[in-house]
Protein chains: 2
Amino acid sequence: MNKRTEKMAETRAKLIQAARQAFAEKGYAEASMDDLTSKVNLTRGALYHNFGNKLGLLAAVVDQLDSEMAIKAQMKAEAVENEWESFLMEGIAYIEMALVPEIQRIVLLDGPAFLGDPSQWPSQSSCLQLTIAKVQHLIDTNILKEVDVEATSRLVSGAALNAALWVAASATPEEVLPKAIEAFKTLCSGLVKS
Amino acid sequence: MNKRTEKMAETRAKLIQAARQAFAEKGYAEASMDDLTSKVNLTRGALYHNFGNKLGLLAAVVDQLDSEMAIKAQMKAEAVENEWESFLMEGIAYIEMALVPEIQRIVLLDGPAFLGDPSQWPSQSSCLQLTIAKVQHLIDTNILKEVDVEATSRLVSGAALNAALWVAASATPEEVLPKAIEAFKTLCSGLVKS
DNA sequence: AATCTAACATACATGGCGTATGTCTTAGTG
DNA sequence: CACTAAGACATACGCCATGTATGTTAGATT
């Protein structure tokens with residue numbers, strides 16, 4: 001049982017890739033499963049066998065994107081020495097990633113609408129978990145006020161994502177992005193111990 | 001041409017009301033237009049005549065809810081003397097309203113997913129406009145730092161809405177709500193001039 | 001009063017999802 | 001090395017929902 005699992009993993013990957021493209025372009029609701037499967041020379045049969053239904057495919061796609069986002073954000077954050085600056089950099093990384101149409105459309109818009117609250121997702125939203133860990137650490141090291149960890153994390157990530165939606169919808173994203181980042185920093189400064 | 005427009009306004013109201021209920025219960029995608037129209041003794045004919053298509057109906061519903069939200073938030077905010085406290089109260093009001101399933105599902109989840117970014121809606125999102133005006137005023141009166149108005153407003157409202165999503169998804173909303181409010185206040189404190 | 005407009009209902013066409021069934025390849029077994 | 005069992009995927013079908021095209025009737029216009 002080697003050649004079979006190998007091939008199955010390949011078709012799963014193909015379907016997820018096709019779905020990423022289709023969902024990003026047309027949105028989850030308008031994406032046809034016949035279309036996206038045939039683009040990788042498969043049929044809906046493969047899809048239902050591997051993912052159960054259309055929502056299962058969306059969940060798989062969201063999971064993959066979420067993981068990729070968390071990795072990138074962590075890398076960007078780790079590149080900064082200062083702990084507080086590192087925290088801010090993570091948030092800024094989310095804002096910037098949320099500008100990518102694929103992420104915005106699938107993870108930020110369709111994801112919550114069709115899969116429910118991100119914290120309830122199977123992946124548990126790696127991004128959110130990452131932020132929670134970081135906030136906890138900053139509280140432990142006496143940098144942040146003693147706020148509620150989960151609540152603060154949700155507020156911060158929510159602010160970042162919403163800022164990104166605004167930037168992306170604007171006519172001149174390149175011009176407003178720095179403003180969003182600046183406002184984000186200012187807002188977050190309310191969390192630091194004085 | 002009086003009795004006709006009168007009756008048409010009535011059917012529009014009936015359809016919007018039915019849609020509010022259907023969208024809130026099943027979500028926009030899963031709501032059947034045959035079902036919701038027949039619940040008020042109409043057919044899809046009335047719907048397409050009045051709203052063009054299913055998205056048109058959603059837009060009308062969102063517009064109505066958004067207006068109601070803005071009014072409520074303003075009332076709550078006006079009840080507070082201190083300008084800064086009043087601003088916070090507005091945000092808190094949004095958090096609390098976002099706990100109402102109807103608002104959460106339709107305005108916060110399905111709205112952005114199917115209609116796009118709220119700032120591009122026909123209603124232009126009264127809630128957002130309200131926050132923008134308030135932020136501008138607080139900057140003018142030298143209470144807030146000189147941040148970018150739009151960016152800050154988006155961040156603040158985004159934080160509030162995301163906090164609400166978290167509260168609503170939690171097992172014990174009554175217990176987490178105060179935490180969310182507290183965290184919101186702390187976060188916003190970063191905006192005040194020191 | 002006659003006609004015309006428009007609000008709404010009815011009927012039809014299209015397409016998508018989900019499931020049930022079929023087929024073929026691969027892994028295991030004597 | 002056949003033979004069988006199972007799983008991965010394709011094919012075929014039914015159902016339902018949206019959107020549109022066509023009717024029908026009530027009310028406005030003259």
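Order of the sequence lines sets the chain letters (A, B, ...), proteins ahead of strands, with each chain counted from 1.
Listed by first and then second residue, the salt bridge (Lys or Arg N to Asp or Glu O under 4.0 Å) pairs involving residues 100-123 of chain A are A:R20-A:E102, A:R105-A:D110, A:D117-A:R154 (not counting sequence neighbours).
Atom CG of B:N53 and atom C1' of D:dA17 are 14 Å apart (whole Å). D:dT18 atom C1' lies 13 Å from atom CG of B:L57, rounded to whole Å. Taking atom CE on B:M33 and atom P on D:dT18, their separation rounds to 6 Å, with Å as the unit.
Side-chain rings of A:F184 and A:F87 stay apart, their centers remaining 6.0 Å or farther from each other.
From B:K193, atom NZ reaches atom CD of B:E146 across 4.5 Å, with rounding to the nearest 0.5 Å.
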Margin query: The test is salt bridge (charged side-chain N to carboxylate O under 4.0 Å, His left out); show your working for B:K76 and B:E96 and say whether it passes.
Written below: CA-CA 11 Å; B:K76 278 215 170 189; B:E96 286 171 347; 3.0 Å; yes
task = Would you please test A:F114 and B:F114 for ring pair (Phe, Tyr, Trp, His ring centres under 6.0 Å) and show each step?
result = CA-CA 11 Å; A:F114 291 97; B:F114 291 97; 5.6 Å; yes
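At a non-hydrogen distance threshold of 4.0 Å, B:A31, B:S32 from residues 8-32 of chain B come into contact with DNA chain D. Only B:D34, B:R44, B:Y48, listed by number, bring a heavy atom of residues 34-52 of chain B to less than 4.0 angstrom from any atom of DNA chain D.
Looking at B:V147, B:L130, B:T131 one by one, the single match for side-chain contact (heavy atoms from CB on, under 4.5 Å) with B:S153 turns out to be B:T131. Results of the side-chain hydrogen bond (donor to acceptor under 3.5 Å, both in side chains) test with A:S86 over A:E81, A:K134, A:Q74, A:H137 single out A:K134 as the only residue that passes. Under the side-chain contact (heavy atoms from CB on, under 4.5 Å) rule, A:N50 has a single partner from A:I16, A:L57, A:T11, which is A:T11.
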